[in-house]
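This report refers to the structure that appears directly beneath it.
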Protein chains: 2
Amino acid sequence: MNLKELSAHLGLSQTTVSRALNGYPEVSEETRKRVMQAADQFNYRPNTRAKALATGRAMAIGHVIPLSTQHEMMNPIFGDFISGAGEIYSQSGYDMVLSLVADEDQSRAYHEMAAKRNVDGIVLHAPEMRDRRITMLQEIGLPFAVHGRATDIATPYSWLDVNNKSAFQRATDFLLDLGHRRIALVNGQESMDFAFRRRRGYEAALAARGITPDPGLMFAGEMTEVYGYDSVRRTQALDDPPTAYLVSSIIAAFGVRRAVEEAGLVMGRDVSIITHDDDLSYLRNGAEVPVFTATRSSVREAGRRLAKLLISQIENPGTAPLTELLEAELTVGRSTGPSPNRT
Amino acid sequence: MNLKELSAHLGLSQTTVSRALNGYPEVSEETRKRVMQAADQFNYRPNTRAKALATGRAMAIGHVIPLSTQHEMMNPIFGDFISGAGEIYSQSGYDMVLSLVADEDQSRAYHEMAAKRNVDGIVLHAPEMRDRRITMLQEIGLPFAVHGRATDIATPYSWLDVNNKSAFQRATDFLLDLGHRRIALVNGQESMDFAFRRRRGYEAALAARGITPDPGLMFAGEMTEVYGYDSVRRTQALDDPPTAYLVSSIIAAFGVRRAVEEAGLVMGRDVSIITHDDDLSYLRNGAEVPVFTATRSSVREAGRRLAKLLISQIENPGTAPLTELLEAELTVGRSTGPSPNRT
DNA sequence: CCAAACATCCAAAGCGCTTTGATAGATCAC
DNA sequence: GTGATCTATCAAAGCGCTTTGGATGTTTGG
């Protein structure tokens with residue numbers, strides 16, 4: 001059933017039917033009601049393709065996912081982010097189109113999206129430190145918003161980010177207050193902007209107390225369970241092992257806990273752990289009392305907000321870029337306690 | 001730059017340019033080359049919307065994700081599945097559109113997708129035992145393929161599934177061969193078809209050795225870390241605790257391991273664990289020697305294959321439904337060993 | 001040398017919608 | 001009673017592409 005058939009059946013012009021359905025005022029209430037009813041009865045939905053062509057709006061938002069084997073962006077947090085964003089999209093009538101693209105095709109992919117005009121805007125994921133994709137998208141002129149930020153990009157753009165620096169600074173402070181002095185950082189890949197900022201926060205807190213960061217206690221890598229495990233194994237073999245671990249992901253934190261317990265140490269007594277917690281739906285941090293003390297920020301909520309931000313950007317073209325900085329909350333669980341080395 | 005402008009610039013008709021770009025034979029090689037070059041130079045890409053309208057093909061495939069809070073389908077395996085499917089889609093020129101839909105809107109969502117004509121086919125996720133969505137899609141007449149199967153649906157449809165029954169039957173057999181007699185099943189939600197089949201496999205293996213399944217050893221629930229942990233805590237409190245655990249997800253297996261180790265037991269000696277392993281990119285089962293003995297089947301590969309299957313279905317309408325049954329491999333790791341209770 | 005076959009190209013219709021510009025008829029002001 | 005204003009409707013153009021059905025010139029066969 002299409003517009004033509006529907007209007008023929010009603011004995012009205014396509015114009016009138018279209019107007020009636022789209023809520024234009026120049027249609028009598030009576031006919032509008034009649035049209036609505038018929039549309040309902042025949043389960044009429046305007047053909048998206050035709051509508052998009054006529055209006056110039058695709059009513060879709062693109063997410064380009066780098067499909068590299070190196071850093072699997074299709075990672076655990078992605079599902080939750082998408083889930084949050086998708087919620088808003090469906091509320092606002094947008095579709096979400098996902099493109100998985102090999103790293104070397106990134107540039108081509110964005111240009112293609114712009115030229116093919118099948119999305120009204122783009123969400124950029126996992127920005128690196130001075131991500132070339134941002135300037136690229138600025139040149140292309142398609143609305144976009146970044147989940148995260150990229151240090152060293154001068155021209156303004158829309159983004160939403162967690163205050164990673166402050167979160168890790170506060171977490172480090174918290175451990176320092178508990179008397180810990182040897183604090184290991186089990187960070188994500190530091191070419192990623194968020195990881196870089198977290199390290200800055202960690203270092204800033206140490207510096208404020210006159211402690212020089214020990215390179216032997218700082219790790220950067222893919223945030224897997226095994227990575228967390230290995231980091232502990234290596235540091236516990238040191239002469240002066242750390243009494244606390246600051247971890248960038250709850251998955252790695254699982255590995256950290258495993259290694260700690262395997263070494264016969266008790267978490268929260270012999271060794272303290274703070275992890276960043278993206279509040280993933282399938283990896284809840286304990287029930288009533290959190291297992292881990294954590295810097296928590298829901299990535300699903302981030303998805304929701306970034307979606308809103310981008311939609312507003314799309315629907316009000318010409319406005320200045322929007323930005324939003326979320327503060328993570330520091331929630332205390334059972335994984336932290338005073339340093340055993342406290343004098 | 002659109003077709004009109006491009007052809008004007010070339011001094012050719014739109015027809016010829018279109019034909020040249022789409023590889024039709026009635027164009028001289030010389031002009032084709034000229035057209036190709038100009039298209040390249042101006043970075044011309046046909047407008048998807050217009051093309052879709054003209055051809056009647058959207059060149060997109062829809063994934064409808066139930067957005068229930070009850071069972072979070074946006075779960076860890078989803079990212080990997082999508083990643084595999086997306087790989088094939090981009091190779092074949094399809095876009096992937098994701099719709100997150102609340103459970104109560106499922107029916108409406110499918111009808112809408114069909115009426116709006118913005119996808120050429122649909123992938124159905126996480127089928128329940130006699131999933132109503134399948135018959136619904138059959139009635140609608142939009143091509144679709146199911147990741148998994150639904151018991152008790154008579155009319156044929158396209159699906160791709162892991163042989164869950166055989167996998168869990170073999171795993172149970174493997175444990176029985178090692179002398180285990182008290183084997184716990186830590187299963188997923190058994191309204192899900194895959195979980196139901198796994199239990200059938202488990203029960204079949206026990207029955208073959210004349211063992212009656214003990215309801216006190218069988219669990220069904222959301223496959224979280226804490227769920228795995230709790231299952232062990234409960235069973236180890238029994239008079240006659242199990243010596244082996246058969247687990248439906250590697251995330252739950254982490255929890256099982258944690259509880260086992262916390263109880264002072266050694267995995268692979270005092271207690272054996274076999275888990276199903278979806279071979280997730282960010283949750284690798286150990287390095288050289290797998291940590292867990294596992295029934296393994298890559299969900300990413302499943303995504304790839306199901307995508308191919310659906311595309312073939314779309315491009316050859318009228319052919320019989322396609323089905324594919326993947327066998328999981330049973331890989332031996334360090335989590336299994338002879339039963340300590342063996343006489 | 002002429003009709004048939006072929007190789008290239010083009011004008012125009014059509015995909016299903018929105019939107020512009022017009023047209024009737026009703027209502028109003030005076 | 002008449003021109004102006006509103007109201008409710010419609011015909012037709014246009015979005016950017018593909019595709020049908022010619023048209024034009026060139027070869028080819030006999």
Side-chain angles (χ1 to χ4, degrees), chain A residues 1-36 38-39 42-60 93-95 112-120 142 315, chain B residues 1-36 38-39 42-60 93 95 112-120 315:
Chain A
M1 169 69 64
N2 59 22
L3 227 210
K4 200 171 175 181
E5 289 161 25
L6 184 64
S7 36
H9 175 266
L10 284 162
L12 288 170
S13 75
Q14 299 192 30
T15 311
T16 305
V17 176
S18 168
R19 295 217 146 129
L21 292 171
N22 291 317
Y24 282 74
E26 51 271 83
V27 170
S28 75
E29 267 321 302
E30 191 193 0
T31 41
R32 186 192 305 281
K33 211 168 278 174
R34 218 158 57 84
V35 169
M36 291 293 212
F42 296 114
N43 193 36
Y44 168 76
R45 291 283 180 306
N47 180 315
T48 323
R49 290 148 10 190
K51 188 163 186 165
L53 183 57
T55 57
R57 314 252 286 98
M59 292 312 283
Y94 284 84
D95 280 331
E112 212 162 83
M113 279 210 155
K116 284 167 61 186
R117 327 235 84 197
N118 61 339
V119 296
D120 300 321
L142 197 63
E315 299 186 343
Chain B
M1 169 70 63
N2 59 20
L3 227 211
K4 199 169 175 183
E5 289 161 24
L6 184 63
S7 35
H9 175 266
L10 283 163
L12 288 168
S13 75
Q14 298 192 31
T15 311
T16 305
V17 176
S18 169
R19 296 215 144 132
L21 292 172
N22 291 318
Y24 282 75
E26 53 270 83
V27 170
S28 75
E29 266 321 302
E30 193 193 1
T31 41
R32 185 189 305 280
K33 208 167 281 173
R34 219 158 57 85
V35 170
M36 291 293 212
F42 295 114
N43 194 37
Y44 168 76
R45 292 281 181 308
N47 180 315
T48 324
R49 287 139 25 180
K51 188 164 186 164
L53 182 57
T55 57
R57 315 252 286 99
M59 293 312 284
D95 280 331
E112 212 162 83
M113 278 210 156
K116 283 167 61 184
R117 328 234 85 198
N118 60 340
V119 296
D120 299 320
E315 299 187 344

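Worth saying up front: this structure is predicted, and the values here are computed from it rather than measured. A, B, ... follow the sequence lines: proteins, then strands. Residue 1 opens every chain.
- Nucleotides of DNA chain D nearest to B:Tyr24 and B:Ala50 differ in position, and the one nearer the 5' end is that of B:Ala50.
- Contacts of residues 9-23 of chain A with DNA chain D (heavy atom under 4.0 Å): A:Gly11, A:Leu12, A:Ser13, A:Thr15, A:Thr16, A:Arg19.
- Annotation: salt bridge (charged side-chain N to carboxylate O under 4.0 Å, His left out) contacts of A:Glu112 (sequence neighbours excluded): A:Arg108, B:Arg45.
- Listed by chain and residue number, B:Arg57 satisfy the side chain to side chain donor-acceptor pair (under 3.5 Å) test with B:Asp120 (two or more places apart in sequence, or in another chain).
- Remark: the backbone N or O of A:Lys51 is paired with a side-chain donor or acceptor of A:Thr55 at under 3.5 angstrom.
- With values rounded to the nearest 0.5 angstrom, A:Tyr94 atom OH is found 4.5 Å from A:Met59 atom CE.
- Contacts of A:Ala54 classified as side chain to side chain contact (heavy atoms under 4.5 Å, CB included), with partners at least two apart in sequence or in another chain: none.
- Checked against ring-ring contact (aromatic ring centres under 6.0 Å, His included), B:Phe42 has the following partners two or more places apart in sequence or in another chain: B:His9.
- On the nucleic acid side, DNA chain C contacts chain B at distances under 4.0 Å to non-hydrogen atoms, with the end points of that region at C:dT8 to C:dG16.
- Summarising the geometry, the separation between NZ on A:Lys4 and P on D:dA12 is reported as 13 Å, rounded to the nearest angstrom.
- The terminal axes of the helix from C:dC1-D:dG30 to C:dC30-D:dG1, fitted over 5 pairs per end, subtend an angle of 50° to the nearest 10°.
- Contacts classified as salt bridge (Lys or Arg N to Asp or Glu O under 4.0 Å) and involving residues 22-33 of chain A (residues at least two apart or in different chains) are given here: A:Glu29-A:Arg32.
- Within residues 25-33 of chain A, the residues having any heavy atom closer than 4.0 Å to DNA chain D are, in order of number, A:Glu26, A:Ser28, A:Thr31.
- Applying the side chain to side chain donor-acceptor pair (under 3.5 Å) test to A:Thr16 and every residue at least two apart in sequence or in another chain returns A:Ser13.
- Here the CG-CG distance, from A:Asn118 to A:Asp95, works out to 11.0 Å after rounding to the nearest 0.5 Å.
- Under the side chain to side chain donor-acceptor pair (under 3.5 Å) criterion, B:Ser28 pairs with B:Thr31, sequence neighbours left out.
- Every residue was checked against the salt bridge (charged side-chain N to carboxylate O under 4.0 Å, His left out) condition with B:Arg117, not counting sequence neighbours, and none meets it.
- For the pair B:Asn47 (side chain) and B:Arg49 (backbone), a donor-acceptor distance under 3.5 Å is present.
- Looking at A:Ser7, its side chain does come within 3.5 Å of a backbone N or O of A:Leu3 through a donor-acceptor pair.
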